[in-house]
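None of these values were measured; they are calculated from a predicted model. Numbering of ligands and ligand atoms starts at 1, following listing order.
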Amino acid sequence: MWIIANWKMQGNVGALRTFCEGLIPLMATLHHIRVAVCVPFPYLLLARDLLQGTTILLGAQDISPLENGPHTGDVSAAMVQDVGASCVILGHSERRRDHGEGCSLIHQKALSAKAHGLMPILCVGDAEGQAQSVITRQVRRALGNDGIAGAMIAYEPLWAIGTGKAADEATIAKMHRHIKSIAPNHPVLYGGSVTADNVAAIVKIPEVSGVLVGGASVRLETFAPLLLAVDKARAPASPESGPH
Ligand code: PGA
């Protein structure tokens, strides 16, 4: 079960050190989860050094679709791979909103990520009241005609991001089944107000392969109980706890 921490534009050097110092020993006790931490670009190298030798993966939150060259302010897939990232969040609704990113750009970024050995985490999401066809189009266009082998898809309804109102389990199951019907070979994550309190129910939904966590992932006080809750939810039931 994947848990992807999306720090967004939050944190600093001190917070990253404290976070990793607590996360590393905790992860050594958990056996049913895989964790990736996606930090802002300036912290990738430090995070790489802090997480070295652990099972915790490092991710970026965006890349340029371009290879190299005179593109002031942009960061390439090769660069984030060079500083230790193994995955990258692409097409997050905050980038679609703040930077006008569209589906074909997101597809180009996914191709560049793949070419440099980064696992793309392709975000799709619907606004309140939008038809399912919005998700169909976003998934198809992000994957393109030839597909993006190995990509994960994150379903993040816009109204659930940062609002404290996660989608209900029936909606998550329905939307994940829909995405799986279009992209059967891709793990589908859920994102949007995931917390330690609601995560166990979410990861028990059969179509859910993991969660993408924003607000609750930035401090260990909220992230550690979330990890513990998922690990417990995914652990095989012990014989004593079953019916006799
Ligand atoms: P949230 O963000 O957990 O703060 O709702 C999730 C996301 O945007 O990935």
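For ligand 1 and G192, the ligand atoms under 4.0 Å from any heavy atom of the residue are 5 (O). If you number the atoms of ligand 1 from 1 as listed, the ones under 4.0 Å from a heavy atom of I161 come out as 2 (O), 5 (O), 8 (O). For ligand 1, the atoms sitting less than 4.0 Å from at least one non-hydrogen atom of N6 are 9 (O), numbered in the order shown with element in parentheses. Near A160, meaning under 4.0 Å from one of its heavy atoms, ligand 1 places the atoms 5 (O). Taking every non-hydrogen atom of S193 and a distance limit under 4.0 Å, the qualifying atoms of ligand 1 come out as 1 (P), 3 (O), 5 (O).
Taken to the nearest 0.5 Å, the CZ atom of R34 stands 10.5 Å off from the CE atom of M27. Between atom CZ of residue R219 and atom CZ of residue F19 there is a gap of 11.0 Å, rounded to the nearest 0.5 Å. Rounding to the nearest 0.5 Å gives a distance of 8.5 Å between CG of L143 and NE2 of H107. Atom NE2 of H99 is separated from atom CG of L105 by 11.0 Å, given to the nearest 0.5 angstrom.
In this model, a donor atom of one side chain and an acceptor atom of the other lie less than 3.5 Å apart for D126 and Y155. H116 and E67 are linked by a side-chain donor-acceptor pair at a separation below 3.5 angstrom, with hydrogens and angles left out of the test. A donor and an acceptor atom, one from each side chain of H178 and T136, are located under 3.5 Å apart.
Here the heavy atom of the protein found nearest to atom 9 (O) of ligand 1 is E156 OE2, 2.6 Å. Of the protein's non-hydrogen atoms, G214 N, 2.9 Å is the one closest to atom 3 (O) of ligand 1. For atom 2 (O) of ligand 1, the closest heavy atom belonging to the protein is K8 NZ, 3.2 Å. The nearest heavy-atom contact from the protein to atom 4 (O) of ligand 1 is G215 N, 2.8 Å.
In terms of N/O distances under 3.5 Å, ligand 1 is approached by H92. The shortest N or O to N or O distance between V213 and ligand 1 is not below 3.5 Å.
Heavy-atom distances between G162 and ligand 1 reach below 4.0 Å in at least one pair. Ligand 1 lies nowhere less than 4.0 angstrom from a heavy atom belonging to A166. The closest approach between G191 and ligand 1 stays at or above 4.0 Å for every heavy atom of the residue.
Between the side chain of Q61 and the main chain of K8, a donor-acceptor pair closer than 3.5 Å is present.
Across all non-hydrogen atoms, the minimal contact from A229 to A196 is CB-O, 3.9 Å.
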